[in-house]
Undergrad: 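Can you keep this structure in mind? I'll have questions shortly.
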Amino acid sequence: MPGRRWRVAAWGAGLLFAGVSAVVGCRAADTDATTPVPQALAFLPWLLVPTGLGLLLSLMARWWTGLVWGVVLLGTLAWFIEPYGTGGEPRGPAVARLRVLTSNVEFGRATEHLIAAVRREKPDLVFVTECEYGCQAAVRRELGGAYPHRRAVAGHTSVGSVVLSRFPLTPAPAVPGRMGMPGAVADVDGRPVRLQLAHPKPPLPRQVSLWKEELGRLRDFADAHRDDGPLILAGDFNASQDHAAFRRVLDTGLRSAARLAGRHREPSWPTRTTPTFGTQIDHVLVSEEFSASRARFLDLPDTDHRALLVDLSLHRDR
């Protein structure tokens, strides 16, 4: 009977290790593959749990091969959990400071709470996703005085989105997508800053290829603007740093403001389990002209996303 229990424990460990290895292998190969890999990659750090359980079962079964397998997986996961992308400070002195807020209000349900947060935190730029017709009307009515400049894409449910600004805005082309992703150029104390809202489709089981395609468009946009001056790309990316499609956006030279401020792994979704469990898919990405001194995730009722608030400094080259 003890021998049988040990065999069951070894089999259980092997199954756990095999599942984790499939996901980690895709991460190492720099691919998001297909369902269920993209969904599992979003929660990559939590694969430490089944790996640890597999190690315990291997120890109980005295399965030494399994112990080595599990230790290798633990080391690989620890490596990938480290921040991705470039760091460093801009080369020139700070010439302007600005506060940026990005929030997914879940079909407009959290509009009232977003308005309260904006009044309380006083950001200079606000990127709002899933801001449908009612949300846009409320934002215009309640915040129009403080934020007279806006660029929006009108639409129902998740399609609508808006960028609010204290700074004057001039129109800029939107990035094509099933959900609205408006763009603009802000005049920040006489310096043009390109703004782009991000909201690609999520990697649902039958929409993984569309998710990759729309993240690819954001990557192409960021690459095309690599040498065009300051850029802020913010919103609900439906992707974390553990997704290859998102890392390719970072490979254009953009940096996560949350990472620069030391909050690169704090989850923003889903709010039912954050901050204990979740993943960071809401981002403010900035070009090399920016530094970030602070990042906070705000809990807004009636939405499944936490809002992200960052304090940025715009630097001038020496």
Side-chain angles (χ1 to χ4, degrees), residues 15-51 72-86 102 104 129-130 158 175-179 181 196-224 226 233-256 258-259 264-270 273-274 277-285 304-305 308:
L15 289 173
L16 289 170
F17 290 154
V20 173
S21 295
V23 179
V24 170
C26 288
R27 175 65 178 84
D30 199 32
T31 178
D32 294 317
T34 189
T35 300
V37 173
Q39 295 83 359
L41 280 170
F43 301 96
L44 184 77
W46 291 96
L47 294 181
L48 291 169
V49 175
T51 304
V72 171
L73 282 177
L74 280 179
T76 307
L77 285 168
W79 173 266
F80 288 138
I81 288 171
E82 289 298 305
Y84 184 87
T86 58
T102 181
N104 180 320
T129 54
E130 299 195 16
S158 64
V175 174
R178 297 290 182 91
M179 299 184 288
M181 295 192 281
Q196 180 59 52
L197 183 144
H199 196 201
K201 292 290 284 186
L204 299 176
R206 296 184 179 180
Q207 296 183 350
V208 170
S209 60
L210 178 59
W211 168 74
K212 292 179 181 179
E213 178 184 341
E214 295 195 348
L215 277 169
R217 291 175 188 165
L218 289 170
R219 187 266 172 200
D220 292 343
F221 160 81
D223 190 54
R226 190 191 293 257
L233 175 60
D236 170 13
F237 286 76
N238 282 308
S240 74
Q241 73 164 44
D242 299 308
H243 290 115
F246 181 71
R247 291 194 301 277
R248 292 184 184 115
V249 178
L250 295 177
D251 288 343
T252 65
L254 293 181
R255 302 174 299 162
S256 165
R259 179 203 166 165
H264 74 282
R265 279 292 180 184
E266 184 164 349
S268 65
W269 177 89
T273 55
T274 57
F277 174 83
T279 181
Q280 188 178 120
I281 61 175
D282 298 89
H283 308 279
V284 174
L285 305 185
D304 57 348
H305 289 252
L308 172 57

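FYI, the numbering just counts along the sequence from 1. Here the structure is a predicted model, which is why all the values come from computation and not from measurement.
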Undergrad: If every non-hydrogen atom of Ala40 is compared with every non-hydrogen atom of Val23, which pair is closest and at what distance?
TA: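 What the structure gives for the nearest pair is CB-CG2, 3.8 Å.
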Undergrad: Keeping the roles fixed (side chain from Thr274, backbone from Gly278), state whether a donor-acceptor pair exists under 3.5 Å.
TA: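 No; zero donor-acceptor contacts below 3.5 Å.
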Undergrad: Checking side chain to side chain contact (heavy atoms under 4.5 Å, CB included) against His264, which of Gln241, His283, Glu82 comes through?
TA: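 Of all the options given, the one that passes is Gln241.
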Undergrad: Look at Asp242 together with Arg265 and state whether they make a salt bridge at an N to O cut-off of under 4.0 Å.
TA: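 Between Arg265 and Asp242 there is a salt bridge, with a charged N closer than 4.0 Å to a carboxylate O.
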Undergrad: Looking at Thr279, is its backbone amide N or carbonyl O close enough to the side chain of Ser240 to form a donor-acceptor pair, meaning the two atoms are under 3.5 Å apart?
TA: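 No.
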Undergrad: Indicate the atoms forming the closest heavy-atom contact of Ala222 with Leu254, along with that distance.
TA: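 Result for this residue pair: CB-CD1, 3.7 Å.
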Undergrad: Rounded to the nearest 0.5 Å, how far does CG of Asn104 lie from CG of Leu308?
TA: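 Rounded to the nearest 0.5 Å, the CG-CG separation comes to 12.5 Å.
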Undergrad: Closest approach of Leu204 and Thr35, non-hydrogen atoms and distance?
TA: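 Closest approach of Leu204 to Thr35, heavy atoms only: O-OG1, 4.4 Å.
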Undergrad: Does Leu215 offer a backbone N or O that forms a donor-acceptor pair with the side chain of Lys201 under 3.5 Å?
TA: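 No; zero donor-acceptor contacts below 3.5 Å.
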Undergrad: Ignoring hydrogens and angles, tell me if any N or O in the side chain of Arg217 forms a donor-acceptor pair with the backbone of Pro176 under 3.5 Å.
TA: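 Yes, the answer is positive, given that a donor and an acceptor are paired below the 3.5 Å cut-off.
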Undergrad: Quick one, Asp236 and Met179 - any side-chain contact, counting heavy atoms below 4.5 Å?
TA: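 No, side chains not in contact.
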Undergrad: Tell me whether Ser268 contacts the main-chain N or O of Ile281 through its side chain, where contact means a donor paired with an acceptor under 3.5 Å.
TA: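 Yes, Ser268 side chain to Ile281 backbone: donor-acceptor pair under 3.5 Å.
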Undergrad: Does the side-chain contact (heavy atoms from CB on, under 4.5 Å) test come out yes or no for Ile81 and Leu48, once each step is laid out?
TA: CA-CA 10 Å; Ile81 288 171; Leu48 291 169; 3.7 Å; yes
Undergrad: Salt bridge check: are Asp223 and Arg219 linked by an N-O gap of less than 4.0 Å?
TA: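 Answer for the salt bridge query: yes.
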Undergrad: Among Leu233, Thr129, Thr102, which one satisfies side chain to side chain contact (heavy atoms under 4.5 Å, CB included) with Leu197?
TA: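 Filter result, single survivor: Thr129.
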Undergrad: Using modelled atom types and a 3.5 Å cut-off, is there a donor and acceptor pairing between side-chain atoms of His243 and backbone atoms of Leu41?
TA: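 Checking the backbone N and O of Leu41 against the side chain of His243, no donor-acceptor pair under 3.5 Å is found.
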Undergrad: Can a donor-acceptor pair be found, under 3.5 Å and without considering hydrogens, that links the side chain of Asp32 to the backbone of Ala244?
TA: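 Side chain of Asp32 to backbone of Ala244: a pair is present.
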Undergrad: Could you tell me whether a side-chain N or O of Trp211 sits under 3.5 Å from a main-chain N or O of Pro38, the two making a donor and an acceptor?
TA: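 Not at all, since once roles are kept as given, no pair shorter than 3.5 Å links the two residues.
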Undergrad: Would you indicate whether the side-chain heavy atoms of Glu213 and Arg178 approach each other to under 4.5 Å?
TA: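 A side-chain contact under 4.5 Å is absent here.
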Undergrad: Would the Phe246 and Tyr84 ring centres measure less than 6.0 Å apart?
TA: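 No, they do not, as the ring centres are separated by 6.0 Å or more.
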Undergrad: If only atom types and distance count, is the side chain of Arg259 paired as donor or acceptor with the main-chain N or O of Gly85 below 3.5 Å?
TA: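 At least one qualifying donor-acceptor pair exists.
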